[in-house]
Amino acid sequence: MASEPVARAVAEEVVRWGSMKPTGVSLRYMMEFGSSPTQRNLLLSAQFLHKELPIRIARRALELDSLPFGLSNKPAILKVRDWYLDSFRDIRYFPEVRNQSDELAFTQMIKMVKVRHNNVVPTMALGVQQLKNQLCRTRKVPSGFDEIHEFLDRFYLSRIGIRMLIGQHVALHDPEPEPGVIGLINTRLSPIQVAQAASEDARAICLRTYGSAPDINIYGDPTFTFPYVASHLYLMLFELVKNSLRAVQERYMNSDKDVPPVRIIVADGEEDVTIKVSDEGGGIPRSGLPKIFTHLYSTAKNPPDLDGPNEGATMAGYGFGLPISRLYARYFGGDLQIISMEGYGTDAYLHLSRLGDSEEPLP
């Protein structure tokens, strides 16, 4: 446990660094810089992160301390805040990175920081769910709840950026990267292959949950590739396909009709690569559409209890899959749109920027 003077000194440093402006990085810059991961480039990357990461982490730690409706005092939020303060302290007080030995030690340390933050999303969701449960019990649902959704968008977008920067730096140390792979970026990523992998995994969960699963048909040029982060694309497609499978499965579960497949269409445009995930799962009521990108809104009939045991991926219910998927799309200049036809089905359009020039948004 840090002594009071030490804790006060860290708090003052967090305020000082949290007032500094972060520096945005584009996908194209990450590719060009990482294409020759020499010892000098790795040293420059570590020196950049040594200054950049404390700024980004401090900004979020300050926000975690000043949330409305008493959210900052929820045990789950306090836990996340402590993770951010520990990470700030680890990076800020790491000695100056001067040589290869320093760089390797720094890289090991930020790897541990990334692991420390693995469970931030469900822990934050638990804190918000605790607040919602409390407000529902007292029947006081404040009109300014939008403020929390805006904070969560900023918070999760920042988290994507921090994890991308750390993950990219760590991955550049791979002595034998796959052909065309620069850190976390696959310069020849096949969206069809990622769609197949995400579909197989989502279907497996649907089978486990319901005992059966709709078919998934994928359309597009199997030879087409473009530069993107494979893990980001997988996460987004997995979420969209999982939502569609659940909607179709629940609509046709007790029906004698043939179960329609979920369709995935990949289109290669000049500006964007667009992937459409289309289902005949009955759609979303128009009144529900504005809510689908708000955190912890779910269309699931029985959302799981976040306080209970975590048995891995479930079909639905946490309500942070779609909003976070949209943030992943926006991180590199893309977007996610949902078009619904109530009584028929839903089309999700995932737009991914081909240009790679747009800098990451910095909340």
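Everything numeric here is computed off the predicted structure, so don't read it as measured data.
Taking every heavy atom of both residues into account, L172 and G34 meet most closely at CD2-O, 3.6 Å. Heavy atoms only, all atoms of each residue included: P54 and L49 are closest at CD-O, 3.7 Å. In terms of heavy-atom proximity, A58 sits nearest to V14 at CB-O, 3.5 Å. Minimum interatomic distance between T23 and E52 (heavy atoms only, all atoms of both residues): N-OE2, 2.8 Å. The nearest pair of heavy atoms linking F69 to I148 is CD1-CD1, 3.5 Å. For the pair D221 and I192, the tightest heavy-atom approach, listed with the atom from each and the gap, is O-CG1, 3.7 Å.
At least one donor-acceptor pair under 3.5 Å links the side chain of S72 to the backbone N or O of L64. Between the side chain of D102 and the backbone N or O of P95, no donor-acceptor pair lies under 3.5 Å. The closest donor-acceptor contact from the side chain of T209 to the backbone of I205 lies under 3.5 Å. With hydrogens and angles disregarded, a donor-acceptor distance shorter than 3.5 Å links the side chain of R203 to the backbone of P214. Side chain of Q168 to backbone of L184: a donor-acceptor contact under 3.5 angstrom is found. Looking at S66, its side chain does come within 3.5 Å of a backbone N or O of L62 through a donor-acceptor pair. Between the side chain of S353 and the main chain of G333, no donor-acceptor pair closer than 3.5 Å is present. In terms of modelled atom types and a separation under 3.5 Å, the side chain of S35 and the main chain of E32 share a donor-acceptor contact. One N or O on the side chain of R59 and one on the backbone of M20 form a donor-acceptor pair closer than 3.5 Å. Side chain of R56 to backbone of R159: no donor-acceptor contact under 3.5 angstrom is found.
Distance check: S325 OG to N243 CG gives 8.0 Å after rounding to the nearest 0.5 Å. Expressed to the nearest 0.5 Å, how far CD1 of I160 lies from CZ of F155 amounts to 11.5 Å. Separation of atoms NE2 (H232) and OH (Y328) is listed at 5.0 Å; rounding is to 0.5 Å. To the nearest 0.5 angstrom, K276 atom NZ is 4.5 Å from D347 atom CG. L104 CG to Q39 CD: the interatomic distance, rounded to the nearest 0.5 Å, is 8.0 Å. Rounding to the nearest 0.5 Å gives a distance of 11.0 Å between CD of E280 and OG1 of T346.
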Assess the residue pair L43 and N99 against the criterion (side chain to side chain contact (heavy atoms under 4.5 Å, CB included)); give the C-alpha distance rounded to whole Å, side-chain angles, the decisive distance to 0.1 Å, and a yes or no. CA-CA 7 Å; L43 185 62; N99 53 44; 5.6 Å; no
Going through the checks in order, is the side chain to side chain contact (heavy atoms under 4.5 Å, CB included) test met by I265 and S278? CA-CA 8 Å; I265 303 164; S278 186; 5.7 Å; no
Take Y228 and N186 through the test side chain to side chain contact (heavy atoms under 4.5 Å, CB included) and record every step on the way to the result. CA-CA 6 Å; Y228 208 73; N186 187 339; over 6 Å; no
Side chain to side chain contact (heavy atoms under 4.5 Å, CB included) between Y93 and V10, intermediate numbers included: CA-CA 10 Å; Y93 296 114; V10 171; 4.1 Å; yes
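Ion pairing between a basic and an acidic side chain is recognised when a charged N comes within 4.0 Å of a carboxylate O; D279 and R263 show no such pairing. A salt bridge links D86 to R89: one of the charged nitrogens lies within less than 4.0 Å of a carboxylate oxygen. Salt-bridge formation is not detected for the pair E342/R286: no Lys NZ or Arg NE/NH1/NH2 atom is positioned less than 4.0 Å from an Asp or Glu carboxylate oxygen. At a threshold of 4.0 Å, the pair D272-R354 does not count as salt-bridged, since none of the basic side-chain nitrogens sits closer than that to a carboxylate oxygen. Salt-bridge annotation for E12 and R16: absent, with no side-chain N of the basic residue lying under 4.0 Å from a carboxylate O of the acidic one.
Side-chain atoms of T187 and V181, non-hydrogen and from C-beta on, never get closer than 4.5 Å to each other. Under the 4.5 Å side-chain criterion, counting only non-hydrogen atoms from C-beta, V266 is not in contact with T274. Proximity of E96 to Q47: side-chain heavy atoms (C-beta onward) are nowhere separated by under 4.5 Å. Looking at heavy atoms from C-beta onward, I264 lies in side-chain contact with I275 at the 4.5 angstrom threshold. Counting only heavy atoms from C-beta outward, the side chains of S340 and L289 approach each other to under 4.5 Å. A heavy-atom distance below 4.5 Å is found between the side chains of F224 and V273. V248 places a side-chain heavy atom less than 4.5 Å from the side chain of Y252. Taking 4.5 Å as the limit, every side-chain heavy atom of V262 sits out of range of all side-chain heavy atoms of D215.
Scored by the side-chain contact (heavy atoms from CB on, under 4.5 Å) test, T107 finds E103, H169, V170, H173 as partners (sequence neighbours excluded).
The number of heavy atoms from other shown groups lying within 6.0 Å of CG (D258) does not exceed 12. Surrounding CE of M341 are at most 12 heavy atoms belonging to other residues, nucleotides or ligands under 6.0 Å away. Around OH of Y219, the count of heavy atoms belonging to other residues, nucleotides or ligands within 6.0 Å exceeds 12.
A donor atom on one side chain and an acceptor atom on the other are not found under 3.5 Å apart for H149 and T294.
Judged as a salt bridge (charged side-chain N to carboxylate O under 4.0 Å, His left out), the pairs with a partner in residues 104-118 (not counting sequence neighbours) are, in order, D90-R116. Sorted by first and then second residue, the pairs that involve residues 100-131 and meet ring pair (Phe, Tyr, Trp, His ring centres under 6.0 Å), not counting sequence neighbours, are H50-F106, Y84-H117, F94-F106.
A side-chain contact (heavy atoms from CB on, under 4.5 Å) with R326 is found for exactly one of L157, I292, L350, D335, namely D335.
Y344 and V277 sit in two unconnected hydrophobic clusters of ILVMFWY residues. Membership requires side-chain heavy atoms under 4.5 Å apart, directly or through other members. Y29 and I182 fall within a single hydrophobic cluster, where Ile, Leu, Val, Met, Phe, Trp and Tyr are joined by side-chain heavy atoms under 4.5 Å apart, directly or via other members. Two different hydrophobic clusters hold Y349 and V241 under the rule that ILVMFWY side chains link at heavy-atom gaps under 4.5 Å. Criterion: ILVMFWY side-chain heavy atoms under 4.5 Å apart, direct or through other members. Under it, V121 and I57 are part of a common hydrophobic cluster. Residues L322 and V128 are members of one and the same hydrophobic cluster, defined by side-chain heavy-atom contacts under 4.5 angstrom among Ile, Leu, Val, Met, Phe, Trp and Tyr.
Taking the six-membered ring where the residue is Trp, Y234 and F238 present parallel rings, their angle staying beneath 30° rather than reaching 60°.
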